[in-house]
Peer 1: 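The structure is given below, and queries will be raised subsequently.
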Amino acid sequence: MLRSHTCGELNKSNADETVTLCGWTDRIRDLGGANFIDLRDRYGITQIVFAPEAGEALLKSAQKLRSEDVIKVIGTVQPRPLGQENPKLPTGEIEIRVTELEVLSKSEVPPFTPNQHELPNEDLRLKHRYIDLRRRDMMNTLMLRSKIIKSMRDYFDTHNFIDVETPILGRSTPEGARDYLVPSRVHNGSFYALPQSPQIYKQIMMIAGYDRYIQVARCFRDEDLRADRQPEFTQLDVEMSFIETEDILSLIDGLMAELAKEILDLDISLPLPRMTYDEAMKRFGHDAPDLRFGMEIVDVTELAKSCDFKVFSEPANSGKFVRGVNAPGAAANYSRRKIDELTEFVKGNFGAKGIVWFKVDEEGILTAPSAKNFSAEQLVQIGEAMDAKPGDLLLFLCDDWNVTCRGLYGLRKRFGAELKLYDPNAMHFSWIVEFPMFDRDEEGDRWNAMHHPFTAPRQEDLATLESDPSGARAQAYDLVINGFEAGGGTIRIHDGEVQSKVFSLLGMTKETARDRFGFLLDALSYGAPPHGGIALGIDRVVMLFAKLSNIRDCIAFPKTQKATDMMTEAPGDVDEAQLAELGITIVKPETEEV
RNA sequence: GGCGCUGUAGCUCAAUUGGUUAGAGUACUGGACUGUCGAUCCAGUGGUUGCGGGUUCGAGUCCCGUCAGCGUCGCCA
């Protein structure tokens, strides 16, 4: 070891010890006759002092040090002079009187420093990630991530789970997200696919009799990025045999309670609240609602049917919906111009036609340009339905179910943040259960699996599965934290007959099913236990526990929105020879005529 | 693919309705300073205003295109 101690551990009890420290020079305070340097490593900061007593030469060489030089110093631990302690540092009551200095590595002038107050632009941070990762915040986050993953592993180990690694090079499956493909050299023209999740492997582990499996698994999906989505991400993948929905939920309940306690010292009461998918869509317009605040959606379609205001009555009487939200106390701060902005927001993002709004005045009366279209009684009824109080702003969308859901979800989310309707430190865990088995294909009248084609329907929906597919509910569940889908899973079909029914509803013939999932169907036919599982998005869990607003900040080397790595500049070109070996020719896209 | 925000010194930002030589803090360079801790003080270097076009007597500012980062919709079983 080059060092005897780290920069975070020395205190008064080490007084007079001779120590050797290594680290990066953080802040340098050169007073001419004496030089104070904050020496930094992962563990903390220790002040080292170059005093004239140690010799002119030493002081001179210390004065040549600059930001981010890596040095080794030998010196004695001394209590700081009275009144010179730094209460901000755990090591603040001591300092190191340096007797020897060795520069291990000189640094160029860095484009930014880990201690600066204003964070540089994100592209610069990503390009020089090795400097960004030196920042205390990043170190804390990555250490937190490590701790969370260790807690997860410990929890499942205690519950008798086996950690099994599954292949990264797999086979492309046609359902779901786009695959990342890897060309085969040995089989020119054939490709491996990187796993979107270890879904099929973990089911096969169940069939193989490993009844409790976990894996911290890297997953890959070639889809567009978001603040909470990266093309490669990490899942805590779990699967169990001989269990029902209840077993998975209570297992994960226990994990969440343990994490909340260990990481945040937070007591959460179990079982975590549960809400059906239908209820979530009705009350919040989304299957991952942020339940840290209210502002629920209210359906006033019935009221709207009988009023003279065509914007309300026409959609209401033609099978569409009039639904609204109450933005509490927002009337004063939302001018016509700001409401116009909200209108553009729902038009542009969710395909709504516009917003009908009312402000509630001091007497509790609804006022708006469109109010003249309503009788006084109708306005009162609307106000009551919305639980309107003086100063509130009521916003309505009149459209089909999906547009009202999406638009009001968007408005609710926006108001939640703008009106600070929740404590940003609050943590709300809940389950959304009973997802539909199928949803309608956008183009044709085909059914799509809402989760994946191996998801089991609820027992009580088995009989009507084929007669009423839209009413069939799945044994599927999502864990939602603060409005983020933190995980999701299902109980799987282990019965060949049910599986065939589902395939045929999805428009798959026996032959297609066999072609696509033959190996799994084979496996299922050789003695498959009832099984199910869940996958938690570790990046998102860490983001939420660390109170961050994007998952890039809890990933050491994340990718940009265009899925590039700014540090390594991946993806990059490869040699012609490499391509030739793989039998690949690049077809340049035709340049369009101007 | 659509929409939006951002892009000015190494970094973080400013620059009035489009108007003189594009400023400040910090970093950097040099100097002063023996108790600092976001050290202080003095001086200095540092600019293709992302890139390309256009409008104009004149563009950091307006328009068009383009690139990059971020947010979001589509997409993500």
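Keep in mind that this is a model prediction, so the values were computed, not measured. Note on naming: letters A, B, ... go to the chains in the order of the sequence lines (proteins, then strands), and numbering restarts at 1 for each one.
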Peer 1: Counting only Watson-Crick or G-U wobble pairs whose two distances fall under 3.5 Å, which nucleotide matches B/U20?
Peer 2: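 Partner of B/U20: none.
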Peer 1: Under the 3.5 Å rule, do the base of B/C75 and the side chain of A/Arg221 count as making a donor-acceptor pair?
Peer 2: no
Peer 1: May I have the distance from A/Glu569 (atom CD) to B/C67 (atom P), rounded to whole angstrom?
Peer 2: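 So the two atoms are 17 Å apart, to the nearest Å.
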Peer 1: Pick the C1' atom in B/G7 and in B/C13, then give their distance to the nearest Å.
Peer 2: 12 Å
Peer 1: How far does the P atom of B/C70 sit from the matching atom of B/G65, given to the nearest Å?
Peer 2: 23 Å
Peer 1: Go ahead and name the base partner of B/U34; Watson-Crick or wobble counts if both distances stay under 3.5 Å, otherwise write none.
Peer 2: none
Peer 1: Would you kindly give the CD1-to-P distance between A/Ile37 and B/G38, to the nearest whole Å?
Peer 2: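 Interatomic distance, CD1 of A/Ile37 to P of B/G38: 16 Å.
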Peer 1: Taking the six-membered ring for Trp, is the centroid-to-centroid distance between A/Phe517 and A/Phe454 below 6.0 Å?
Peer 2: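 Centroid separation for A/Phe517 and A/Phe454: below 6.0 Å.
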Peer 1: Starting from P on B/C70, measure out to CG on A/Leu225 and report it in whole angstrom.
Peer 2: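 Between P of B/C70 and CG of A/Leu225: 8 Å.
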Peer 1: Would you measure the distance from the P atom in B/C57 across to the matching atom in B/G71 and give it in whole Å?
Peer 2: 43 Å
Peer 1: Taking N and O atoms by type only, does the side chain of A/Arg552 place a donor or acceptor under 3.5 Å from a partner on the base of B/C70?
Peer 2: no
Peer 1: With P as the reference atom in both, quote the distance from B/G60 to B/G18 in angstrom, rounded to an integer.
Peer 2: 13 Å
Peer 1: Rounding to an integer number of Å, can you tell me how far A/Glu344 CD sits from B/U72 C1'?
Peer 2: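 Rounded to the whole Å, the gap is 15 Å.
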Peer 1: So, A/Arg29 and A/Gln47: side-chain donor and acceptor under 3.5 Å apart, yes or no?
Peer 2: yes
Peer 1: Between A/Trp401 and A/Arg406, is there a cation-pi geometry (under 6.0 Å to ring centre, at most 45° from the normal)?
Peer 2: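 Geometry flag: not set, cation outside 6.0 Å or 45°.
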Peer 1: Classify the side chain of A/Arg226 and the base of B/G74 as holding, or not holding, a donor-acceptor pair under 3.5 Å.
Peer 2: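 Under the 3.5 Å cut-off, the side chain and the base do form a donor-acceptor pair.
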Peer 1: Taking only the side-chain heavy atoms of A/Val109 (C-beta and beyond), determine which of B/C28, B/C70, B/G10 contains the nearest atom.
Peer 2: B/C28
Peer 1: Nearest to the side chain of A/Met566, heavy atoms from C-beta on, is which of B/C73, B/U36, B/G69?
Peer 2: B/G69
Peer 1: Can the ring centres of A/Phe350 and A/Phe345 be said to be less than 6.0 Å apart?
Peer 2: yes
Peer 1: For atom P, what is the distance between B/G38 and B/A43, given to the nearest Å?
Peer 2: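 Each nucleotide's P atom is 24 Å from the other's.
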Peer 1: List the steps and the verdict of side chain to side chain contact (heavy atoms under 4.5 Å, CB included) for A/Leu119 and A/Arg125.
Peer 2: CA-CA 8 Å; A/Leu119 217 49; A/Arg125 291 175 53 206; 3.7 Å; yes
Peer 1: Decide side chain to side chain contact (heavy atoms under 4.5 Å, CB included) for A/Glu232 and A/Arg218; before the verdict, give the C-alpha distance in whole Å, the side-chain angles of both, and the deciding distance to 0.1 Å.
Peer 2: CA-CA 7 Å; A/Glu232 56 178 307; A/Arg218 194 65 68 85; 2.7 Å; yes
Peer 1: Evaluate whether atom CD of A/Glu100 has more than 12 neighbouring non-hydrogen atoms of other residues, nucleotides or ligands under 6.0 angstrom away.
Peer 2: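 Not buried by this count: 12 neighbours or fewer within 6.0 Å.
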Peer 1: Is A/Gln47 side chain donor-acceptor paired with the B/U36 base, going by distance under 3.5 Å alone?
Peer 2: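 Counting by modelled atom types and ignoring angles, a donor-acceptor contact under 3.5 Å is found here.
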Peer 1: Between B/C3 and A/Lys347, is there an OP1 or OP2 to side-chain N/O distance shorter than 4.0 Å?
Peer 2: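 No, outside the criterion.
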Peer 1: Distance check: side-chain N/O of A/Gln116 vs OP1/OP2 of B/U12, anything under 4.0 Å?
Peer 2: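 Indeed not, no polar side-chain atom of A/Gln116 lies that close.
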Peer 1: Of all the nucleotides listed (B/G71, B/C70, B/C37), which has the minimum atom distance to the side chain of A/Glu122?
Peer 2: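 Of all the options, the side chain of A/Glu122 is nearest to B/C70.
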Peer 1: A/Ser549 or A/Pro111: which one's nearest nucleotide on RNA chain B is closer to the 5' end?
Peer 2: A/Pro111
Peer 1: Please determine whether any donor N or O and acceptor N or O are separated by less than 3.5 Å between the side chain of A/Arg229 and the base of B/C76.
Peer 2: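 When only heavy-atom distances are counted, A/Arg229 does reach the base of B/C76 through a donor-acceptor pair under 3.5 Å.
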Peer 1: Rounded to whole Å, how long is the line connecting atom CE of A/Met543 with atom P of B/G71?
Peer 2: 11 Å
Peer 1: Mind checking who B/G65 pairs with, Watson-Crick or G-U wobble, both distances under 3.5 Å?
Peer 2: B/C51
Peer 1: Give me the distance, rounded to whole Å, that separates B/G23 from B/U48 when you measure between the P atoms they each carry.
Peer 2: 15 Å
Peer 1: Quick one: the side chain of A/Asn349 and the base of B/C73, do they pair up donor-acceptor inside 3.5 Å?
Peer 2: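 Side chain to base: no pair present.
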Peer 1: Compute whether any side-chain donor of one residue and acceptor of the other, for A/Tyr213 and A/Gln215, lie under 3.5 angstrom apart.
Peer 2: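 Note: A/Tyr213 and A/Gln215 side chains meet the donor-acceptor criterion.
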Peer 1: Kindly say if A/Lys562 contacts the phosphate of B/A68, meaning a side-chain N or O under 4.0 Å from OP1 or OP2.
Peer 2: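 Answer yes for this pair, as a side-chain N or O of A/Lys562 is under 4.0 Å from OP1 or OP2.
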Peer 1: For B/G10, which nucleotide is its Watson-Crick or G-U wobble mate, given both distances must be under 3.5 Å?
Peer 2: B/U26
Peer 1: What's the shortest heavy-atom distance between A/Arg492 and A/Ile534, and which atoms?
Peer 2: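 Residues A/Arg492 and A/Ile534, closest heavy atoms: NH2-N, 4.0 Å.
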Peer 1: Where the side chain of A/Gln84 is defined as all heavy atoms beyond and including C-beta, which of B/C75, B/U34, B/C37 is the nearest nucleotide?
Peer 2: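 When the side chain of A/Gln84 is considered, B/C37 is the closest of B/C75, B/U34, B/C37.
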Peer 1: Send over the distance from A/Phe345 CZ to B/U72 C1', rounded to a whole Å.
Peer 2: 8 Å
Peer 1: Quick check, are the ring centers of A/Phe415 and A/Phe293 under 6.0 angstrom apart?
Peer 2: no
Peer 1: Which nucleotide sits closest to the side chain of A/Arg66: B/U12, B/G69, B/C28?
Peer 2: B/C28
Peer 1: I want to verify a distance call: between B/C37, B/G69, B/G71, whose nearest atom is closest to the A/Asp38 side chain?
Peer 2: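 Of B/C37, B/G69, B/G71, B/C37 is nearest to the side chain of A/Asp38.
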Peer 1: What interatomic distance, in whole Å, is found between C1' of B/U16 and the corresponding atom of B/U61?
Peer 2: 11 Å
Peer 1: With P as the reference atom in both, quote the distance from B/G50 to B/A59 in angstrom, rounded to an integer.
Peer 2: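 The same atom, P, in both gives a distance of 15 Å.
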Peer 1: Which part of the nucleic acid, if any, lies within contact of A/Pro120, taking any heavy atom under 4.0 Å across all strands shown: a base, the sugar-phosphate backbone alone, or nothing?
Peer 2: sugar-phosphate
Peer 1: For A/Asn86, report the nucleic acid contact type (base, sugar-phosphate, nothing); a contact means any heavy atom under 4.0 Å.
Peer 2: base
Peer 1: Would you mind pulling out the nucleotide paired to B/U56, Watson-Crick or G-U wobble, both distances under 3.5 Å?
Peer 2: none
Peer 1: Check whether the side chain of A/Asn550 and the base of B/G71 form a donor-acceptor pair under 3.5 Å.
Peer 2: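 Such a pair does not exist between side chain and base.
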Peer 1: With a 4.0 Å cut-off on heavy atoms, is A/Thr564 in touch with a base, just the backbone sugar-phosphate, or nothing at all?
Peer 2: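 Sugar-phosphate, no base atom in range.
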Peer 1: Are A/Asp69 and A/Lys106 ion-paired here, with the side-chain N under 4.0 Å from a carboxylate O?
Peer 2: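 Judged by the 4.0 Å cut-off on N to carboxylate O distance, A/Asp69 and A/Lys106 do form a salt bridge.
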Peer 1: Should B/G4 form a Watson-Crick or G-U wobble pair with both distances under 3.5 Å, which nucleotide is its partner?
Peer 2: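 Its partner is B/C70 (Watson-Crick or G-U wobble, both distances under 3.5 Å).
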Peer 1: When the distance from CD of A/Glu93 to C1' of B/C37 is rounded to whole Å, what number comes out?
Peer 2: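 In whole Å, B/C37 C1' lies 16 Å from A/Glu93 CD.
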Peer 1: Among B/G38, B/C28, B/U12, which nucleotide has an atom closest to any side-chain atom of A/Ser67?
Peer 2: B/C28
Peer 1: Assuming nearest nucleotide by heavy-atom distance, tell me which of A/Glu95 and A/Tyr409 is located more 5' along RNA chain B.
Peer 2: A/Glu95
Peer 1: Looking at every strand, decide which applies to A/Ile45 at a 4.0 Å heavy-atom threshold: base, sugar-phosphate, or nothing.
Peer 2: nothing
Peer 1: Under 4.0 Å from any atom of RNA chain B, heavy atoms only: list the residues of residues 28-35 of chain A that qualify, in numerical order.
Peer 2: A/Arg29, A/Asp30, A/Leu31, A/Gly32, A/Gly33, A/Ala34
Peer 1: Between A/Glu68 (CD) and B/C28 (P), how many Å, whole number?
Peer 2: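 Checked: the CD to P distance equals 11 Å.
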Peer 1: Does the ring of A/Phe112 lie flat against the base of B/C11, closer than 5.5 Å centre to centre with planes under 30°?
Peer 2: no
Peer 1: Which of these passes salt bridge (Lys or Arg N to Asp or Glu O under 4.0 Å) with A/Arg473: A/Asp461, A/Asp278, A/Asp468?
Peer 2: A/Asp278
